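The chains referred to below are lettered A, B, ... by the order of the sequence lines, with proteins before strands, and numbering in each begins at 1. Fair warning: this is a prediction, and the values are worked out from it, not measured in the lab.
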Amino acid sequence: MNETTEIKTWDKAYIPKDVEARWVLNWAKSGIFNSHSDLNREPYSLVIPPPNVTGALHIGHALNNTIQDFLARSKRMSGKDLCWVPGTDHGGIATQTVMEKILKTENTSRIRLGREAFTSRMEDWTVHCKETILGQLKKLGCSLDFSREAFTMDEKRKTSVFHAFKKLWDDGLLYRGERLVNWCVRCGTALSDIEVEHEERKGNLWHIRYPEVLGGAGLVVATTRPETMLGDVAVAVHPDDRRYQALIGKKLRLPLVNREIPVIADGFVDSSFGTGAVKVTPAHDPNDFEMGLRHKLPRLKVISPAGKMTEECGVYAGLSREEARKKILQDLESQGLLEKTEPHPHAVGVCYRCQEIIEPLLSQQWFVKTKDLAAEALKALDAGQFKIYPVSWEKPYRDWLLDIRDWCVSRQIWWGHEIPVWYCLKCNAISKDTPFHQIPNLKGVVASEKPKTCSACGGSEFIQDPDVLDTWFSSALWPFSVFGWPDKTDDLARYYPTQILVTGYEIIYLWVARMQMMGLYFTGKVPFSEAFIHGIVRDKKGKKMSKSLGNVVDPLQMMEKYGTDALRFSLISQARPGKDIIFSEDSLIAGRNFTNKLWNTARFALMNAVSPEELGDLQDFPLEAADLWILSEYQKMIASVREEVGAYNLAGAAEQMYEFLWDKFCDWYVELAKLRLQGSDLNARKTAFRVLVTILIGVVKMLHPLMPFVTEEIYSVLKRWDIQPADFLMNSRFPSVPETKITEETQKGMSALIEAVASLRSLRSQLGISPGLKIPIICQGEHSLELKFLKQNLSYLVALTGGKEVSFLNSTNGGLSAKVASAVSSSFSFYVPLEGLIDFKKEAERLGKELQKVESDLSKLSQKLSDSNYLSKAAPEDVSETRLLYDTARSKKARLEDLIKVLV
RNA sequence: GGGCCGUUAGCUCAGUGGUAGAGCGUUCGCCUUACACGCGAAAUGUCGGGGGUUCAAAUCCCUCACGGCCCACCA
């Protein structure tokens, strides 16, 4: 108990800062986050989506990791042997881009540094970033097993990557070939199809005339990219297009370069678009590439990897794409060949990391054959071995796998896993300076280190493939590489496959699908049986957060200002399945207030504490109505929280707990318990405190996955009263539901009491009766059950409404003749005879309004009950419920009318 | 072009067949010895429009409008 704060020193308002710092340290020291294959428990594992080492964590990471921590702590407290593996991702292009920006501020560059120096600079940066990120995760309270920290490019993961690469190679699933790839001229690398984003941009459709070689008018093509015309090798029309029948097979003269190109017929062409004639540039357009294959056309490269026009382009050589477009249009115009320019907005591909326009370029790249891999992933999905929550993501996932294309895995950057392929200079007849990406059919050897001699020719000089692997290649192996794969480790046997993966929908294809494919291929098992897909955090206006927009939120700043538990509460309570989160600072206020409410509830309990030595267990005490009622509400709360968490509706779970603690426990039970806690009857005090502290401890346990810090702080003191105290909350179990029988009388009595109190309070407030004034209350009631309850628990009514003596009117001796204020509830009428203090005109108006409301209810109800269709077709329970409501409303109406009669 | 999701109180969102809810904000009254990060009381909604199914629709179906997202090789 030495580390706990005593109640006397507790602040009136919860101050998170010191408390959080202390528990971060205590948890780390204790090692409770670490998993040790506890064979008495069922294993449950998950791996963190490793954040890129590009800087600090943003609010989206906070959401992702809070969800995981919620689940991790919950599973532990449900008795699982939990393993949550932390780590970071080297992040390929993204990280290299960040470093290039840093270098620019230092007036140097990647090229100037050279590959070796650059890579070593990246390694230093990585060390620094990892420290930041892991520190932030600790501050967030994440119960990760930090002893297992992994990095996608550390030595162990290098081994995993090499083995994966080699196996794919050996199995014929990996090949190098010339394809038209998505090329980012800024990053200087190829990208996979899903790394290209499509943006709607303004553009034009230019109509250009291509004359016939033999002097005819030729035809007009429409294009959005006139600069690629230099690489045209044909013009295609639809075979059935009447307009162009005569031209098929004829030669056209390509303007500006005067090359002769044929008119070909291809079913791909849409006659209704543009002019119905398409210029064909196989080296720079994916469709044209395909057409080129079909018609055996040459591929003429006119744009270089740097985005400049090539030597092929004559006077245009060396110009940028934009400059070339401008000049070509000018030249066409002056030759009278530009027939039309019409605005044509269209989607262009841009780099997902730097937003530069993607250039389709021909080059030699490495590809993974994905069709068979995807088929296995689909099989697992169909067999129910893998499930996605919410299910609405299942269809997009399935569709993507069905329509999958080969995965380009080579990147022409320096930061990443080097491709473990070596080329013998002699066999391949190349030199060290050969422009690598232009050379087809290289014979390579897969090896983790440079081979000594070539097995074919005995040569000893090799160069390694200069490319690195797509960063997602190593990420795809993450769920098993973190456990030591390809070694057959104990960890792998114990914790793989994992149970769940928590991630955002933006990387379902980039990551989730690839993990499924690779996991199934390399281990024969789905890497995780469930994926929990959450939304992304947006700003107030619903915009995606990005550094360039300047609308990013720093989670640390929010934690500093409102507390980590408040941030976690705010994020989780907005994380509805399938929904994005609109983040605004206002939402943290509710979290902070709730944290404070819990804190003060605990403070209240401790101020009224009975020492544990004097206190027995719950069943040793004679419980009264309020106790039974709150215990039954507590039961309901526990059950529904379980249900919500089971359905991964964490927001729903948070809502249930919030409502129970604040609206039920604090607003009603604590107020009623004060009667005994602050009274003189020791046994009564003990009873009330036992119930209070039992439920509070239970609530603190239930809330721990959501708000670990404040709950741990409170529990560190409250555990003296816990029947099964644990060193830390996470090592305790969720409360079992206590056995309590609540009678119908108590149930109905409490409901009637709550309604009655509300109507009396409303009366007081609306008539402006001073809050301090104790009022005499005369009660009249008909329902014997509720009346009996009220009489037995009169102190409840008095305490909650600021009443003094309560008297009862017999229902037979009629109403009152004197003027009174009245509170009419379903079961009771209360009269407050405060002549002189009450404005009876106002009271008459007030009752009149209530009467109006009752009358409108009544007419709806009677309409329903006079409908024979309703009576015959609706469920009998529903009809009897309606009858009950009708009777109640009628009784209220009659009583209100009588009262108003006396007043006016 | 295809698909998905959303449209409920000023804002952010619950509610998925039986008389419209929460948090924040607003108004009024209270420093009632756990909490003013609080307590009590209020105001505010033809549940996007239209049609249909049903005794009964915010809830199911159709359709339109608006907003958002994902996918896509119409130059």
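- Base contact: A:Val670 has a heavy atom under 4.0 Å from a base atom.
- A:His284 has no side-chain polar atom (N or O) that falls below the 4.0 Å cut-off from OP1 or OP2 of B:A75.
- Across all strands, A:Thr224 comes closer than 4.0 Å only to sugar-phosphate atoms, never to a base (heavy-atom distances).
- If you measure from atom CD of A:Glu290 to atom P of B:A75, you get 16 Å, rounded to the nearest angstrom.
- For the pair A:Asn600 and A:His198, nearest-nucleotide mapping onto RNA chain B gives the more 5' position to A:Asn600.
- Comparing B:A75, B:A42, B:A34 by their closest approach to the side chain of A:Ser762 singles out B:A42.
- Look at the C1' atom in both B:G15 and B:C73: the space between them is 44 Å, to the nearest Å.
- Applying the Watson-Crick and G-U wobble criteria (two distances, each under 3.5 Å), B:A20 pairs with nothing in any strand.
- Checked for salt-bridge contact, A:Arg883 and A:Asp887 miss the test: no charged N lies under 4.0 Å from a carboxylate O.
- Comparing the P positions of B:G68 and B:U8 gives a spacing of 15 Å, expressed to the nearest Å.
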Protein proximity profile, nucleotides 13-28 of chain B - base contact B, sugar-phosphate-only contact S, no contact -, cut-off 4.0 Å on heavy atoms: SS---BB---SS----
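- Pairing for B:A43 is absent, judged as Watson-Crick or G-U wobble with the two contacts each under 3.5 Å.
- Residue A:Arg846 is classed as having no contact, given no heavy-atom separation below 4.0 Å to the nucleic acid.
- Side-chain contact of A:Glu197 with A:Tyr352: a donor-acceptor pair under 3.5 Å is absent, judged by distance alone.
- A salt bridge between A:Glu845 and A:Lys842 is absent, with no side-chain N of the basic residue lying under 4.0 Å from a carboxylate O of the acidic one.
- The CZ atom of A:Phe604 sits 14 Å away from the C1' atom of B:G38 (whole-angstrom rounding).
- One interatomic measurement links the two molecules: CH2 of A:Trp599 to P of B:C35, which rounds to 13 Å at whole-angstrom precision.
- Closest heavy-atom contact between A:Val645 and A:Ala653: CG2-CB, 3.8 Å.
- Among the protein residues, A:Gln656 comes within range of no part of the nucleic acid, since none of its heavy atoms lies under 4.0 Å from any strand.
- Across B:U44 and B:C24, the matching C1' atoms stand 15 Å from one another, rounded to whole Å.
- Salt-bridge formation is detected for the pair A:Arg209/A:Glu339: a Lys NZ or Arg NE/NH1/NH2 atom is positioned less than 4.0 Å from an Asp or Glu carboxylate oxygen.
- At a cut-off of 3.5 Å, with distance as the only test, a side-chain donor of A:Tyr505 or A:Asp580 sits close to an acceptor on the other residue.
- Rounded to whole Å, the P atom of B:C55 lies 39 Å from the corresponding atom of B:U12.
- With a 3.5 Å ceiling on both atom-pair distances, the Watson-Crick or G-U wobble partner of B:G67 is B:C5.
- In this model, a donor atom of one side chain and an acceptor atom of the other lie less than 3.5 Å apart for A:Ser587 and A:Ser570.
- Looking only at atom types and distance, the side chain of A:Thr882 has a donor-acceptor partner in the side chain of A:Tyr870 under 3.5 Å away.
- Closest contact between the side chain of A:Pro771 and the listed nucleotides B:A75, B:C30, B:C35 involves B:C30.
- Rounded to a whole Å, the CG atom of A:Leu180 is 16 Å from the P atom of B:A75.
- If you check every strand for non-hydrogen atoms under 4.0 Å, A:Asp399 touches nothing.
- Within 4.0 Å (heavy atoms only), A:His238 reaches no atom of the nucleic acid at all.
- B:C47 and B:A20 have their C1' atoms separated by 8 Å, given to the nearest Å.
- Within the 4.0 angstrom heavy-atom criterion, no nucleotide atom of any strand lies near A:Ser587.
- Rounded to a whole Å, the CD atom of A:Glu197 is 14 Å from the P atom of B:C73.
- Here A:Gln678 lies in heavy-atom contact (under 4.0 Å) with sugar-phosphate atoms only.
- Between the CG atom of A:Asn182 and the P atom of B:C73 there is a distance of 9 Å, given to the nearest Å.
- Base pairing annotation: B:G25 forms no Watson-Crick or G-U wobble pair, as no partner gives both donor-acceptor distances under 3.5 Å.
- The nearest heavy atom of RNA chain B to A:Tyr505 and to A:Asp667 marks one nucleotide each, and the one closer to the 5' end goes with A:Asp667.
- Between the CD1 atom of A:Ile536 and the C1' atom of B:C69 there is a distance of 9 Å, rounded to whole Å.
- No hydrogens or angles were tested; on distance alone, a donor-acceptor pair under 3.5 Å links the side chain of A:Lys597 to the base of B:C35.
- Within 4.0 Å of A:Phe289, counting heavy atoms only, lies no atom of the nucleic acid at all.
- Across all strands, A:Arg761 comes closer than 4.0 Å only to sugar-phosphate atoms, never to a base (heavy-atom distances).
- For A:Arg405, a side-chain nitrogen or oxygen approaches OP1 or OP2 of B:C73 to under 4.0 Å.
- If you check every strand for non-hydrogen atoms under 4.0 Å, A:Lys543 touches nothing.
- Spacing of C1' atoms, B:U33 relative to B:G38, comes out at 14 Å, to the nearest Å.
- B:U59: no Watson-Crick or G-U partner with both key distances under 3.5 Å is found in any strand.
- Between A:Trp662 and A:Phe594, the two ring planes are parallel [angle under 30°; tilted spans 30° to 60°].
- Looking at A:Arg299, its side chain never comes within 3.5 Å of a backbone N or O of A:Val233 through a donor-acceptor pair.
- Atom P of B:G48 sits at a distance of 8 Å from the matching atom of B:A9, rounded to the whole Å.
- Rounded to an integer number of Å, the gap from A:Leu606 CG to B:U33 C1' is 16 Å.
- Taking side-chain N and O atoms only, A:Lys395 has no distance below 4.0 Å to OP1 or OP2 of B:C70.
- When the P atom is used for both B:G23 and B:C39, the distance is 10 Å, rounded to whole Å.
- When both distances must be under 3.5 Å, the Watson-Crick or G-U wobble mate of B:A34 does not exist.
- In this structure, A:Trp599 and A:Tyr14 have tilted ring planes: the angle between them lies in the 30° to 60° band.
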